[in-house]
Amino acid sequence: MPRYNPSQIEPTWQSYWETNRTFATPDLPSGTKRYVLDMFPYPSGDGLHVGHPEGYTATDIVARFARMRGETVLHPMGFDAFGLPAEEHAIKTGEHPRVQTQRNIDNFTRQLKMLGFSYDWERVISTTDEEYFRWTQWIFLVLYDTWFDSALQKGRPIDELPIPEEVSDQGEDEVAKFRDNHRLAYQADALVNWCPELGTVLANEEVQDGKSERGGYPVKRIPLRQWMLRITDYAERLLEGLDDLDWPVGIKKLQQDWIGRSTGAEVDFYIGAESDYESWKADRKGAGFPSESDDRALRVYTTRPDTLFGATYMVVAPEHPLVESLTTASHRQEVLDYCEKASFKSDRERTDGDRGKTGVFSGSYAVNPVTGNRVPIWIADYVLAGYGTGAIMAVPAHDERDFEFATQFELSVIPVVNPPSDHPKREDILAGQVCFAAQGVAINSGEFDGQSTEEVKIAITEQLTSNGTGCAAVNYKLRDWLFSRQRFWGEPFPILHEVNEEGEYTGVKRAVPVEDLPVKLPELEDFKPHGRPEPPLAKADEDWLYVELDGKRYRRETNTMPQWAGSCWYYLRYIDPSNQQQLIDPAKEKAWMPVDLYVGGAEHAVLHLLYSRFWHKVLFDRGHVTVPEPFNRLVNQGMILGEVEYTGYLDEENNPVTAQEVKRDDEGNRVATDGRIVKPVSMDEADLEKKGETFVLKSDPSIRVDSRAFKMSKSRGNVVNPDDIVQQYGADSLRLYEMFMGPLEATKPWAMTGVGGVRNFLDRVWRMIVDDKADELVLAASVVDEECNESQMRTLHLTIKKVTEDTEAMSFNTAIARMMEFTNFFTREKTRPRSAMKSFVILLSPYAPHIAEELWKLLGGNDSISNQTWPKWEESALVESSVEIPVQINGKVKVKISISPDTPREEMMELALADDRVKALIEGKTIVKQIAVPGRLVNLVVK
RNA sequence: GCCGGAGUGGCGGAAUUGGCAGACGCGCCGGAUUCAAAAUCCGGUGAGGGCAACCUCAUGUGGGUUCGAGUCCCACCUCCGGUACCA
């Protein structure tokens, strides 16, 4: 057995760890704590792909490393197990989603354990566990019980919501309604993304290019009564909170853009009868700008109040509530047709193609509050109902979209910003022929002429405010979170709707009492959606559907929560996974939070990470957690692509076509520039050679071929299965290879030969310590109980230093490279001191834990290697008595000299100048400048 | 279009943040061992030139700063990822 045999030693150590509870985490940390978290997987039927172990290995190394340095580590794993695929499977096969989900979880667990990750498996959770989603529902009730006090910028209990007198005067029902309108979880008729194929509505974030992110099915916009979460109230907090986080700047930027804060002004344009205009103006001047627009005004939001003098028309979205009243009789039919068409258009159709602007005139006019001019009001779908006020003032001279629309419908263009005098198109801009969207100096703006854009913005906003026709305003792109799904396989809402004796809704809602949680999913006969936007839970038995409480009858909410719900707070539950009394024990929460390191894919940059930050902030406001942000440090692992593929092209007669002439036509077919249809063929690297930047055929260097690594996908057939790698090379090799490929954050292609390379390294490590010729497992004869000599000592301590520092910095690839150098060095040594071997095996253990345990035991170590102390390096062992440094002449290395590393500057220069070769090189020249960097180099500038 | 990230040998990638470009691995070439092979061990390997010691050129392209640039500045090219009428 003395050969390295991972398939034997790996399972042995895995069961050792399990039976000895090696990685069980105490309830509370002693000393420094470290919470190292992976984004938990969705347990799909395909099992793990090689992208999963990349991040998981990285965190496992960090966790094992931290433990050996004396920290108490929390490193848990779980499953994000609600979601569509299991339900689709159920619809197809009739098998309950729970059955398939459990099977997949079992398979994932097997695979994760096979890779030797040091998770505390006693803390494993699944979002589908009733004991877990009981608390997901509980948090929903917290959201339901919270309103956002914008003055304090804080979520507060709904009881504390001040009720205006005019509301309380109208009785209890109105008070309840008022409260409902302020809860963070509320119901609204939302224009939702209804996907008939999936039989569900989708969140904006789940729709891409008008198609469902999952499956790519068309999505229609229909109005539906939905649960919404008021995430927009937290926009400012979510934005500010980013500042202190140690996250990749790219991710922060994505979240900032997603939140999309902009500042500007809201402005009311008068739309009432002409005769009343003066009295309206007077009213406004007296009463100020109302929080809601009255029916004599059309309110817009603009980021460029400075261009108000150039507002020559207005546009309202087709869904705007005033469309009907603004439309005059003679335009009615046209407007109705237009709005109807717009409502049936999916987002895809609305944004697809050349996106030429469409719109119709309403027949009405509004009054520009600064010029007093009448401007026409149009209806067009380039204005979005959901952003700002759903209406705009159009300034075609200084907004590209308005300019395009104005050109198309021949509306007037009045430039009000003077471009810089050296602007190439200045004349055209001033003539209204070209749009200028940048800042400049005001013109055609009455008293504001001559001021800069920034100055005018402030001045006009002030004037509007004092006239009661406008005020400064902030807007966000972020929309409230559409939180309900018409699906079976999700968390039921803990909400009851009161029904009267006839079974009709009374409009009264109540929360399921906390002691009755969880609301479990009902047993259903079949899971099929019925093609209507109505949830499958509505098909449940009356026993489930109807509830009597305090003498009243209720029907349960039948929507379910979206998949994001469970993943919004799972990091909290790991800390106290089996607490039946509360979400989390406050003492434990205080001890473990926040997460110190969170690793996962960048695809969750906005959705998951924004949603969980939102929930966390609500829990924080309500006193359930003590830190304002959940994830202190975030690292995104890069994508792992398939093996590099070389693709050549052949025409119909099988003649090769050079790749640079191959393009895609409109249907996506590959064609040569001369129109011949070509087909791609996979090429063998051996038939190719590099020529300049590209690869060409050896047989015909004029023919280029493409070389590229593609995303792994079933259809391309380039998916690498971790099971196969473990079987062929071992888990330690897989772990090591994934870390050795390159920096964690980088996108990198898989190469099977590279796995062989790290396996070869482990074989060498094995032979450095084990006598592979013996019949029994014994130490190699060269492993001796002696002290290290000087060079062995230096190699060992250099390795300790480099591996320690690189592991700390998560530069795993270079740490591994250093361990390879160590192994190369000691393989050449006749004697290998046992103490050095022991230290080395500890360094290796976070990376390749199984082989490290085995060698540790053989070297006479007791206990698990995981319980050993990480070695420290001695600076004194690193210093060399002499170093070789270059002597440069005019910046080019000419000569190398040996000096002591601490030689001072002047002495270095003397030594360099004393060297015969240097003397020869500068013979007859004058030294203009002398540079010496201690321990590094000498540079002489000569003429 | 806009916003990110990246371009270094045949390939994956290293380079104290301005100081010996190419660590380490793959691949390739040579040697030892072997009857032979596998495995292993040892050595070589950016390109071009020279018998040689050596010389010249090299970090996407073109400029610049500097004694010295893969690293800093300016302009451009290519690829990858994200995003798309947000007023």
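Below, read A as the first sequence line, B as the second, and so on, with proteins coming before strands; counting in each chain starts at 1.
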- Task: State, without any angle test, whether A:Arg704 and A:Thr658 hold a side-chain donor-acceptor pair at a distance under 3.5 Å.
- Result: no
- Message: In this structure, how many angstroms lie between the P atom of B:C24 and the CZ atom of A:Arg759, rounded?
- Response: 22 Å
- Note on the structure: A:Asn890 CG to B:G68 P, in whole Å, measures 8 Å
- Message: Any side-chain N or O of A:Arg764 below 4.0 angstrom from OP1/OP2 of B:U40?
- Response: no
- Query: Under 4.0 Å between a side-chain N or O of A:Arg818 and OP1 or OP2 of B:G25?
  - Reply: no
- May I ask you to evaluate whether A:Ser262 reaches the phosphate of B:A87, defined as a side-chain N or O under 4.0 Å from OP1 or OP2? yes
- Should A:Arg767 be listed as having a side-chain N or O under 4.0 Å from OP1 or OP2 of B:C41? yes
- Task: May I ask you to say what A:Gln888 touches in the nucleic acid, namely base, sugar-phosphate or nothing, with a heavy-atom cut-off under 4.0 Å?
- Result: base
- Query: Where the side chain of A:Asp257 is concerned, which of B:U40, B:C3, B:G25 is the nearest nucleotide?
  - Reply: B:C3
- Item | NZ/NE/NH1/NH2 to OD/OE distance under 4.0 Å, A:Lys773 and A:Asp771 | no
- Item | Side chain of A:Met820 (C-beta onward), nearest among B:U40, B:C24, B:C85 | B:C24
- Query: Is the shortest side-chain N to carboxylate O distance from A:Arg716 to A:Glu645 below 4.0 Å?
  - Reply: yes
- Message: Side chain of A:Leu937 only, heavy atoms from C-beta on: which candidate in B:C55, B:G19, B:A87 is closest?
- Response: B:G19
- Task: Just need the stems in RNA chain B: three or more back-to-back Watson-Crick or G-U pairs, each with both distances under 3.5 angstrom, sorted by first number.
- Result: B:1-7 with B:77-83, B:10-12 with B:24-26, B:27-32 with B:40-45, B:46-49 with B:54-57, B:60-64 with B:72-76
- Message: Would A:Lys357 pass as a cation-pi partner of A:Tyr382, given that its NZ or CZ must be under 6.0 Å from the six-membered ring centre and within 45 degrees of the axis?
- Response: yes
- Query: For the atom pair CD (A:Gln255) and CG (A:Leu609), what is the distance rounded to the nearest 0.5 Å?
  - Reply: 6.0 Å
- Phosphate contact (B:G25 OP1 or OP2) by A:Asn824 side-chain N/O below 4.0 Å: yes
- Message: So, does A:Asn636 get its side chain near the phosphate of B:G81, meaning an N or O under 4.0 Å from OP1 or OP2?
- Response: no
- Query: Taking NZ, NE, NH1 and NH2 as the nitrogens, is one of them in A:Asp763 or A:Arg759 under 4.0 Å from a carboxylate oxygen of the other?
  - Reply: yes
- Got a second to check how far A:Leu734's CG is from A:Glu54's CD, nearest 0.5 Å? 10.5 Å
- To the nearest angstrom, how far is A:Arg828 atom CZ from B:C42 atom C1'? 9 Å
- Query: A:Tyr847 OH to B:C24 P: how many Å, rounded?
  - Reply: 18 Å
- Query: Got a salt bridge between A:Arg299 and A:Asp268, using NZ or NE/NH1/NH2 to carboxylate O under 4.0 Å?
  - Reply: yes
- Task: Would you mind building the protein contact string for nucleotides 4-15 of chain B? One character per nucleotide, 5' to 3', B for base within reach (heavy atoms under 4.0 Å), S for sugar-phosphate only, - for untouched.
- Result: ------SSBSS-
- Task: Could you tell me whether the side chains of A:Thr358 and A:Tyr338 share a donor-acceptor contact shorter than 3.5 Å?
- Result: yes
- Query: A:Asp706 CG to B:C80 C1': how many Å, rounded?
  - Reply: 15 Å
- Presence of salt bridge, A:Glu805 and A:Arg818, under 4.0 angstrom: no
- With nearest nucleotides of RNA chain B determined for A:Tyr476 and A:Ile885 from heavy-atom distances, which residue corresponds to the more 5′ nucleotide? A:Ile885
- Shortest side-chain distance from A:Tyr382, nucleotide among B:C85, B:G43, B:C67: B:C85
